[in-house]
Amino acid sequence: MTTVSQTTGLIGAGVDRVDGPAKVTGAARYPADFGFADLAHAVLVQSTIAAGRIRRLGTTRAEASPGVLTVITHRNAPRLARGSGGLGIGPPAPLQDDRIVHHGQHIAVVVAETLEQAAAAARLVEAEYDAAEPLLDVSDPRAERVENASGRDVTRGDVPAGLAAADVVMDVTYTTPAQTNNPLGLFATTAAWDGDLLTVHDSTQGPAFARTALAVSFGVPEGGVRVLAPFVGGAFGAGLRTWPHVVLAALAARMVDRPVKLVLTRAQMFTSVGYRPPTVQHLRVGAMRTGELVALDHEGTEPDALEDHFAESLTRSTAVLYRCPSVSGRTRQVRLTVACPTWMRGPGEAPGVFALECALDELAYELGIDPVELRLRNYAEVHPQTGLPWSSKALRDCYERGAQAFGWSHRTPEPRSMRSGRLLAGYGMASAYYPYVQVACQARASLSPDGMAIVCSAATDIGPGTYTVMTQVAADTLGMPLDRVRFELGDTGMPPAPLQGGSGLTAALGSAVHDACRQLLRAFVELAARDNDSPLRGCSLRDVTVADGRLSASRAGGPAAGETYTAILARHGLAELSADGASARRGDLDAEPGIFAAKFAEVQVDPDLGLVRVTRVVAAVDGGRILNEKTATSQIIGGTAGGIGMALLEETLSDPATGRIANATFGDYLVAVNADVPDIDVIFCGEPDPMNPIGVKGIGEIAIVGVAPAIANAVFHATGRRIRSLPITAEQLL
Ligand code: MOS
């Protein structure tokens, strides 16, 4: 396998974001920035009950309101098919009948000449309901419980026997709250029909998936749907599905026969595009006095929607992080009249590892073993479930270098034994794992006589730096300066790419970009090799090196000969040479991929007020080859900020009687802001991973996983108080 060279210095270098200038000057256009001539605006009306039926929907006043073009309800909406999502089923088609299955369900769309007119008229829609008793609590005995809905429950060994033989059994229950993805960019869809051809600008993490969903919904061929998302204002997993409002925007455009823009409000972002489901997790951890784990039993419960469906596993890390002979990990979903949850920032692992790593911390105190030492004593040298070797694993390095950088050795083991002035100080740590998924991806590379290479794929960049690192991979592979390469994405007209999610896009897309560029280089070499006028005649790809856009071959006995890409194009009178590339998960290695990290946190707690400040974080991450030190560090910092929010601030509160979200604003739903986020020290460990030609693993989700337990464990160390319910608030500590 050919791998990226690292000879040009373009890989790994902390180059600035290539899309930075476009973003800061406003030239970058997000889904809500796109307009069309004759654009109309849609505003959603949402249910104010969680369960029941619409008895009456009065639309006359709204319809008579200035500028209103139409009001769409279940009475006049056409029948739509349930969209497919590519990942599991799509949400149920909206506005198909009078039934209500969650608070905030879309019940009408008002379309008007201006946004203000649509918003004003939306307030005039009168809804009366026959309310039914909602199901809002996972402990409600009437609710359907689905075991192993994710299909990812795990078991090995004999857990009851292991627990019976253990010297110590920790039996603990943790809870985490619902949290809302809350990207800064409000999700927006702008849709325009031209006959049966549909063009959509959308806040999606996968244009190809949105295209499929829309084609299925409207019963039109996929080739007739074009989805664009060159810039997306964040998503955190909310853009991994094509939600009902996307379909409604396209439906509105079809019904008024004009382009329509629909932008969710911040409040609507809490009920329309998923959220992290709350969890209840019960763990039993059996260990010997030596610290050796002998049994892990981890059971999680989460809500799911009644008619839509989302199931994550909370226990994958429990089966994989440690060499424990007996493990059972189970997650059940409970069907409730709630909006559908979805993937959010380290889905499954972020809450699951919180419970596991806090339980291990409790065990460390119980046994009087240093928390890092406890993890090292249970280090999984091979994948403990399959017995296969890891494709690469530098978690031991992460522990050691992380602890060193953090100054872990200064920790005094006793809780409440460290102070900073009048504040209690505490150190905590946690391990982290994420199982990235690399799926098939394609890309195209072309080079034109002006000496510019253009490489493209229908992927998205929701913020981690995909534009930049793909430009680096292409420039490195083609042997060209960065500023002669442009990477484009976010258009279904380009070769298909997977979702930007599951920490897998960099591996998939980077490998496809690498392949496309290798194929392009090969095409140039073959052209030159057959050309008697070329100094490279008779050469093969193997002989050729390329730098600064110039191909060179050293010949036995002669000086190096060469010529540039553009010289080859010119001599052959070509306006362009292009090549397609593809990548897939490597199937010939009997090895398990995995992303690992060790997180260390220091907190200071006010003993009188219970206020917690995170004062330092060290994140040591094994992400394989790091393509860009700067954007990668930025991703880990961002994920750490999300972890601080998860530990101390973020909680979506809903009224237990009605299901109404009670804090659906940025004034009430608290995210970590700069003042909450200290200096974060990011250390990359590990080496290029053999699972793909560019050696990457993916660092999207590992950034947040393990942060919340490291903080919770530090809070225990500072205060002696074990808080098992997130977020950790002053109220809980007092
Ligand atoms: Mo991520 S939650 O797979 O966008």
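Note that ligands are numbered from 1 as they come in the structure, with each ligand's atoms numbered from 1 the same way. Throughout, residue positions are numbered sequentially from 1 according to the sequence presented. Here the structure is a predicted model, which means the values were calculated and not measured.
Interface atoms of ligand 1 facing Arg345, defined by a heavy-atom separation under 4.0 Å, are 2 (S). Listed by number with element, the atoms of ligand 1 under 4.0 Å from a non-hydrogen atom of Gly501 are 3 (O). Counting atoms of ligand 1 from 1 in the listed order, those under 4.0 Å from a heavy atom of Pro347 are 2 (S).
Contacts of Gln205 with ligand 1, taken as heavy-atom pairs under 4.0 Å, involve the side chain alone. Using a 4.0 Å cut-off between heavy atoms, Met344 contacts ligand 1 through its backbone alone, with no side-chain atom that close. Neither the backbone nor the side chain of Leu499 comes within 4.0 Å of ligand 1, counting heavy atoms alone.
No more than 12 heavy atoms of other residues, nucleotides or ligands lie within 6.0 Å of CZ in Arg585, so this atom counts as exposed by the packing criterion. Atom CD of Glu687 has 12 or fewer neighbouring heavy atoms from other residues, nucleotides or ligands inside a 6.0 Å radius.
The protein atom (non-hydrogen) at minimum distance from atom 1 (Mo) of ligand 1 is Glu701 OE2, 3.1 Å. Nearest protein heavy-atom neighbour of atom 3 (O) of ligand 1: Gly502 N, 2.6 Å.
Ring geometry for Phe596 against Tyr433 counts as tilted: the plane angle lies between 30° and 60°, on a 0 to 90° scale. Ring orientation note: the planes of Phe354 and Tyr174 are nearly perpendicular, at an angle over 60° on the 30°/60° scale.
A cation-pi contact, defined as under 6.0 Å to the ring centre and within 45° of the axis, is absent between Arg17 and Tyr467.
Of the N and O atoms on the side chains of Ser392 and Lys697, at least one donor lies less than 3.5 Å from an acceptor on the other residue.
The side chain to side chain contact (heavy atoms under 4.5 Å, CB included) test with Glu650 is passed by exactly one of Thr176, Val671, Thr180: Val671.
Geometrically, ligand 1 and Gly237 share a nitrogen or oxygen pair separated by less than 3.5 Å.
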